[in-house]
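Working notes, beginning with the structure itself.
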Amino acid sequence: MTGRTQPARGIADRAGQSPADLLSGFADAVAMPVVLLTANARIRHANAAFIQTLDIAAEHYLHKKFPHRWLMHPQKALAQLREMLHRAVQIGANPEPAYLSLRSSTGSEIPTEAHVRPLPNLGQGSDGLIVVTFRNTGQLETPPSAGQAEGDGGGNSLRNKLKRSEERFRLLFEYAPDGYYLCDLNGRFVDGNRAAENIVGYPREELIGKSFLKLNLLPKSQLTRAARALLQNAAGEPTGPDEFTLHRKDGSQVTVEIHTYPVRIQGQLLVLGIARDITERKRVEEQLRRSEERFSVMADSAQDAIMMMDAQGRVTFYNKTAQTMFGWTAPEVLGKDLHSLVMPERYRDTYLRGLAHFRHTGQGSAVGKILELTALRKDGTEFPIEISLAGVELNDEWHAIGIIRDITERQQAQEAILKEKAFCDSVINSMPGVFYMLDEDGQHVRWNKNLERVTGYSSDEIAHIHPVDLFEGPDRQHITEAMATVFAKGQATAEADLVSKSGRKTPYFLTGVRVERDGKLYLIGLGIDITERRKAQAILEKLNADLEASIQELDRSNRELRDFAHITAHDLKAPLRGIATMADWLDQDCGEQIGPEGRENLHLLRSRVDRMGHLINGILRYSEIGHRDQAVEIVDAHALVQEVIEQIAPPNHIEIQIEGTLPSVEAERTRLTQVFQNLIGNAVMYIDKPQGQVRISARDDGEFWEFRVTDNGPGIEPQHFGRIFEMFQTLSSSDHSESTGLGLATVKKIVDLYGGRVWIESEIGHGSTFIFTLPKHPKHKARKQE
């Protein structure tokens with residue numbers, strides 16, 4: 001890399017320094033004299049160009065008040081420069097330049113144009129810096145002396161010429177049709193014209209001083225290419241044309257073609273860029289490319305062969321389908337006589353005569369028509385084609401474009417259709433019912449032989465009979481409405497009596513479906529003789545009436561039975577209460593006279609009365625299962641079992657434990673409570689161990705929940721497993737006051753009602769486990785809670 005890029009590299013190497021130090025580095029890379037001042041106008045740094053121009057050592061200027069009289073003159077310019085510094089510090093303004101001379105240590109004077117620019121807020125506690133730059137104006141920009149008018153000869157004349165030249169250049173730069181811009185080697189914009197503003201959509205004030213490498217002007221994928229172009233410019237090499245996609249300020253995109261040139265202005269190497277908006281050109285090119293691609297893709301993907309021939313009959317275009325259809329490749333055909341390749345020899349004279357006429361007029365007997373002809377393949381086989389010809393005039397010559405379709409399959413299909421029609425006719429005529437096809441006017445389009453046989457009308461008569469005329473009375477209106485429904489909604493059914501030519505009526509079930517064929521709507525239907533079905537329907541209606549009467553009678557009997565059970569229970573409980581009361585009176589009034597043995601008998605009497613009361617209540621509850629509707633709800637079985645345990649209130653020597661968390665189930669709360677009360681209550685009642693244990697658990701068994709109630713009681717022998725779920729069956733003594741023989745029967749009836757099952761696992765001396773299942777989605781008849 002050349003030495004011209006070294007200052008820029010040195011600046012980059014100082015990354016990570018303070019802003020003031022970094023600015024000092026930038027100043028050293030500038031070719032014109034630059035002085036950096038602190039906020040109180042003391043010299044902080046002077047660049048190499050300043051030192052070289054004045055030929056002074058650092059100790060003569062560093063930290064000294066600026067400006068020094070021995071550095072500059074005339075006195076008026078010094079005063080102007082002090083005022084500029086004051087304005088820069090006080091109000092942060094960029095004043096107009098001052099014209100003065102720098103005086104070197106040797107006494108020579110260099111005329112310059114001084115610019116002052118404040119740079120506040122550099123961070124790290126700094127109050128900012130002031131940048132003073134000096135541009136060497138030579139003799140062209142000597143400020144007017146006292147008494148000399150502006151524009152008088154000498155230096156002013158040269159300066160005015162230069163000013164006019166610069167103005168002309170500026171006008172050319174400003175109003176150039178392409179976008180012109182200047183940037184430094186770090187990619188920061190220095191200037192730009194109006195066309196450049198229009199291209200990117202930013203005013204130049206928003207771009208100047210900012211690097212395009214950090215702005216959102218370029219996609220990330222193009223930043224490397226743009227940076228590479230900057231490196232080429234830094235090496236003194238122009239670049240371009242390069243295409244870039246720019247992001248405009250409003251978010252839209254524009255495609256540009258950019259040339260860049262390295263230029264040196266006032267001793268500084270800059271980049272002149274010329275950007276041309278080629279968005280429209282690219283759009284047109286892209287449209288043309290896509291159009292050509294679409295034509296090529298459409299032509300090559302067309303299912304028909306497409307060929308073009310010139311006025312001499314030579315092939316000029318031949319797509320892929322043509323290659324497949326005829327067997328000739330494009331190189332074998334292009335430029336060759338078309339007729340000798342694809343036309344059978346017996347037709348060639350006719351084709352050639354037609355070509356001679358077409359050559360002069362663009363017309364012919366085949367032009368503008370669709371014809372079915374015979375063509376020839378490369379292997380010599382012939383096949384049927386359908387060809388459409390059109391004439392187009394190109395370069396004062398007529399060309400023919402042919403679109404050719406192989407209709408071998410179509411001809412085969414037509415033959416197959418004829419065979420299929422014959423087959424369909426056979427199927428339709430073999431149907432047991434009547435088949436009919438009607439148009440929207442209600443005229444018969446097609447029918448089977450059965451319709452002629454059932455109605456007694458001939459084929460010619462059916463063709464002229466409206467379908468409604470085959471019915472009488474209310475059936476005519478019914479059939480009319482059914483036909484209208486088919487054409488309006490797509491399908492309908494009806495039952496009506498079909499009346500034959502002789503007047504015989506036959507009941508038919510008639511169907512109708514709407515179909516579309518060749519853009520027209522039709523009704524296709526089938527009629528089934530339902531004479532036997534109507535007979536069966538009459539029998540079924542009588543059976544249903546008898547069944548309904550039986551159900552009502554059964555319901556009445558069930559109600560009477562439930563009423564009888566309640567009345568009987570009431571009538572039985574009254575004397576039982578009397579017996580219990582009498583026993584209590586005897587015990588209270590005559591207890592001493594009857595002695596201990598009598599009191600024991602009275603106690604036994606009261607226990608049997610209580611047992612009879614429990615038995616009556618159990619029978620009532622058992623009889624009500626499945627007859628009284630209860631609301632089905634989601635029941636939390638865990639909470640319900642806890643409530644049941646509290647109601648049972650087991651003695652202190654029995655521990656009842658719920659293992660895990662019991663699920664929520666769909667059930668009637670009251671019935672599920674009865675199940676757990678009976679199972680847990682029985683377990684507590686029959687435990688014979690000093691420390692009793694009852695465990696309740698559940699598990700997911702697919703479509704069911706399986707519940708277990710396990711105790712450490714005496715156990716049950718296997719031969720009793722089935723008997724204990726029957727009514728009035730108990731394994732305890734009949735004198736046991738709590739045992740009615742209905743608890744487990746009640747459990748079984750409720751579980752059966754839900755579609756589950758209940759069973760026991762037991763071993764003598766090791767306790768018992770009662771297991772029952774409940775479906776997750778029961779299908780019992782109880783109403784669900786809304």
Side-chain angles (χ1 to χ4, degrees), residues 370 372 384 386 407 409-542 544:
I370 299 177
E372 291 188 6
E386 180 182 83
I407 60 172
E409 293 184 358
R410 189 174 77 185
Q411 288 190 352
Q412 293 173 348
Q414 289 174 345
E415 295 175 0
I417 288 174
L418 294 175
K419 294 180 181 178
E420 188 70 19
K421 183 179 181 303
F423 174 76
C424 288
D425 288 341
S426 299
V427 172
I428 290 172
N429 288 325
S430 64
M431 289 180 177
V434 296
F435 173 83
Y436 41 87
M437 180 176 180
L438 314 175
D439 61 19
E440 287 187 276
D441 295 328
Q443 297 299 315
H444 287 89
V445 177
R446 196 171 181 185
W447 58 91
N448 64 353
K449 295 294 184 181
N450 276 342
L451 185 61
E452 298 177 13
R453 180 183 58 80
V454 170
T455 61
Y457 290 105
S458 66
S459 177
D460 291 338
E461 289 174 325
I462 290 178
H464 295 88
I465 291 178
H466 195 278
V468 175
D469 294 336
L470 297 175
F471 303 90
E472 293 180 351
D475 287 345
R476 293 173 62 90
Q477 182 63 27
H478 190 35
I479 295 300
T480 300
E481 292 174 354
M483 291 173 59
T485 301
V486 171
F487 284 108
K489 298 183 178 181
Q491 61 182 8
T493 60
E495 288 189 14
D497 291 340
L498 191 65
V499 181
S500 68
K501 187 176 182 179
S502 63
R504 181 174 57 88
K505 295 182 179 181
T506 305
Y508 266 82
F509 176 76
L510 305 165
T511 65
V513 178
R514 182 186 62 205
V515 296
E516 184 176 353
R517 178 182 177 186
D518 299 331
K520 295 181 180 180
L521 298 179
Y522 296 90
L523 182 155
I524 293 180
L526 189 67
I528 303 298
D529 186 342
I530 58 173
T531 301
E532 295 300 323
R533 194 186 77 179
R534 281 195 176 176
K535 294 178 181 178
Q537 185 175 359
I539 296 174
L540 181 61
E541 289 175 353
K542 184 178 184 305
N544 286 335

Reported CG-to-OG1 distance for the pair N450 and T455, which is rounded to 0.5 angstrom: 10.0 Å

Is it true that, when you exclude R517 itself, more than 12 heavy atoms of the residues, nucleotides or ligands shown sit nearer than 6.0 Å to its CZ? no

Check step by step if side chain to side chain contact (heavy atoms under 4.5 Å, CB included) holds for L526 and F509. CA-CA 8 Å; L526 189 67; F509 176 76; over 6 Å; no

Is any side-chain heavy atom of L470 less than 4.5 Å from a side-chain heavy atom of I479? no

If you compare all heavy atoms of L498 against all heavy atoms of F471, which two are closest, and at what distance to 0.1 Å? CD1-CZ, 3.7 Å

Taking atom CD of E452 and atom CG of D460, what is their separation to the nearest 0.5 Å? 9.0 Å

Would you say the side chain of R446 lies within less than 4.5 Å of the side chain of I428, judging by non-hydrogen atoms? yes

Okay, side chain of H444, backbone of P467: is any donor-acceptor separation there less than 3.5 Å? no

For K449, does its backbone N or O pair with a side-chain atom of N429 as donor and acceptor, under 3.5 Å? yes

Looking at every non-hydrogen atom in both residues, tell me the closest pair between A482 and A494 and how far apart they are. CB-CB, 4.1 Å

Taking the side chain as every heavy atom from C-beta outward, state whether Y457 and L451 have any atom pair closer than 4.5 Å. no

Between D475 and K505, does at least one N-O distance fall below 4.0 Å, as a salt bridge requires? no

Evaluate side chain to side chain donor-acceptor pair (under 3.5 Å) for Q411 paired with E415, printing each intermediate quantity in order. CA-CA 6 Å; Q411 288 190 352; E415 295 175 0; over 6 Å; no

Could you grab the distance from atom CZ of R514 to atom CE of M483, nearest 0.5 Å is fine? 14.0 Å

Is a side-chain donor or acceptor of D529 paired with a backbone partner of T531 at a separation under 3.5 angstrom? yes

Between atom OG1 of T493 and atom CG of L510, what is the distance when rounded to the nearest 0.5 Å? 9.0 Å

Distance in Å, D469 CG paired with I462 CD1, rounded so as to fall on 0.5 Å steps: 12.5 Å

Between L523 and F487, is any pair of side-chain heavy atoms under 4.5 Å apart? yes

Looking at every non-hydrogen atom in both residues, tell me the closest pair between R476 and V468 and how far apart they are. NH1-O, 3.3 Å

Under 4.5 Å between any side-chain heavy atoms of E386 and I370, yes or no? yes

For D497 against R534, the heavy-atom pair lying closest together: OD1-NH1, 3.3 Å

Got a donor-acceptor contact below 3.5 angstrom from the D439 side chain to the D441 backbone? yes

Could you give the distance from CZ (R533) to CG (L540), rounded to the nearest 0.5 Å? 11.5 Å

Should we say atom CD of Q491 is surrounded by more than 12 heavy atoms from elsewhere, each under 6.0 Å from it? no

What heavy-atom pair brings A463 and Q443 nearest, and what distance separates the two atoms? O-OE1, 3.5 Å

